[in-house]
There are 2 protein chains.
Amino acid sequence: MQYNNIAMGITKTEHFTDEQNQLAVLAKALGHPARIAILEYLLKVNTCICGDIVSELPLAQPTVSQHLKELKNAGLIKGSIEGNSICYCINEVGFEKIKSFFQEITNHLEKKKTQCC
Amino acid sequence: MQYNNIAMGITKTEHFTDEQNQLAVLAKALGHPARIAILEYLLKVNTCICGDIVSELPLAQPTVSQHLKELKNAGLIKGSIEGNSICYCINEVGFEKIKSFFQEITNHLEKKKTQCC
DNA sequence: AAATCATATCGTAATATTGCAATATAATAA
DNA sequence: TTATTATATTGCAATATTACGATATGATTT
């Protein structure tokens, strides 16, 4: 079978709205247990350095570093240089976006209590 | 380089809690613009069949079918047979789980207003 | 029964993600 | 200056995801 004119495996982001794509990026960043664990840890300790997370999680340092990068790119955490280490913490901006999406859904669902399937 | 004893590319779910894994599954299901679009459409029309979504989205029928399957597996939508078509709608159970996760985060963040980075 | 309609599944190609060893970088300490 | 410490980047292997044509399945209609 040939798919010469179709880029397989690539998400067709251009067909969706910016908001849909943004939400998907945020959700995708949350779509890994290690990243959920990192966020939960950050919520608990408020602030920490990468090394703390490496000792907390059963993953190698490069792997943790990569997950941190993805969370940062998605806008879910922030990092600032502090001496020779980097201080990470939750970025409230990203969470506000997701939260408002779920708020809308919840509002919608509460309005129509009509059972469907 | 050799990684004979390491399953590369595979998420190490066994090292995380059930709750962390469950949340990740839900978030991952939301991590694609097409699936966001499907959910938004379902919220708008309350109930619809697969064919409606195929005409709505710029994706082929098997692709939509696959996305619907993932949303269903994650517990975000429900489907019930209705004649020779299938009626899909939002599954509130899944959304409740995600919503409570974000509620917890929001509560946490509001308590400690200490600036970190 | 045969045709039609709606959806799912299979097979496959292409890209993305996950994970870690090795290495690079950059700041601090000796 | 030379360790040492902390994090990021590179490179690569393995698995996962995305997308769709072809086809199967299963109900409805003719």
With sequence neighbours excluded, what pairs up with A:K69 under the side-chain contact (heavy atoms from CB on, under 4.5 Å) test?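 Once residues adjacent in sequence are excluded, the partners of A:K69 under the side-chain contact (heavy atoms from CB on, under 4.5 Å) criterion are A:N73.
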Write out all pairs satisfying side-chain hydrogen bond (donor to acceptor under 3.5 Å, both in side chains) with one or both partners inside residues 51-66 of chain B, taking only residues at least two apart or from two chains.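 Qualifying pairs, neighbours excluded: none.
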CG-CD1 distance between A:L23 and B:I36, expressed to the nearest 0.5 angstrom: 5.0 Å
Side-chain N or O of A:K28 less than 4.0 angstrom from OP1 or OP2 on C:dA16? no
Pairing residues for A:F102 by the ring-ring contact (aromatic ring centres under 6.0 Å, His included) criterion, not counting sequence neighbours: B:F102
Give the dot-bracket string for DNA chain C, reading 5' to 3', where a pair is Watson-Crick or G-U wobble with both distances under 3.5 Å, ( ) marks pairs inside the strand, [ ] marks pairs crossing earlier ones, | marks a partner on another strand, and . marks unpaired. ||||||||||||||||||||||||||||||
Crowding at NZ, B:K12 (>12 non-hydrogen neighbours, <6.0 Å): yes
Pull out every protein N or O sitting under 3.5 Å from an N or O of nucleotides 5-10 of chain D, one pair per line with the distance.
residue: D:dT5; atom: O2; partner: A:N84; partner atom: ND2; Å: 3.3
residue: D:dT7; atom: OP1; partner: A:C50; partner atom: N; Å: 2.9
residue: D:dT7; atom: OP2; partner: A:G51; partner atom: N; Å: 2.6
residue: D:dA8; atom: OP1; partner: A:Y88; partner atom: OH; Å: 2.4
residue: D:dA8; atom: OP2; partner: A:S65; partner atom: OG; Å: 2.7
residue: D:dA8; atom: N7; partner: A:Q61; partner atom: NE2; Å: 2.8
residue: D:dA8; atom: N6; partner: A:Q61; partner atom: OE1; Å: 3.0

Quick test of your reading: applying salt bridge (charged side-chain N to carboxylate O under 4.0 Å, His left out), list the pairs with at least one residue in [range], sequence neighbours left out, ordered by first then second residue.
range	value
residues 97-106 of chain A	none
residues 14-23 of chain A	none
residues 25-36 of chain B	B:R35-B:E70

Do any pairs count as a ring-ring contact (aromatic ring centres under 6.0 Å, His included) and have a residue in residues 37-64 of chain B, sequence neighbours left out, and if so which ones?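 Matches after skipping sequence neighbours: none remain.
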Residues from residues 13-22 of chain A lying under 4.0 Å of DNA chain C - heavy atoms: none
Report the relative orientation of the aromatic rings in A:H32 and B:F16; use parallel for angles under 30°, tilted for 30 to 60°, perpendicular for over 60°.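 Perpendicular: the ring planes of A:H32 and B:F16 meet at over 60°.
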Does B:L59 reach a base, just sugar-phosphate, or nothing at all? Heavy atoms under 4.0 Å. sugar-phosphate
Closest-nucleotide mapping onto DNA chain C: is A:I10 or A:A60 further toward the 5' terminus? I mean the 5' end.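 Final value for this comparison: A:I10.
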Which residues satisfy the side chain to side chain donor-acceptor pair (under 3.5 Å) test with A:Q20, sequence neighbours excluded? A:T17, B:E40
Quick one, which residues of residues 29-40 of chain A touch DNA chain D with a heavy atom under 4.0 Å? none
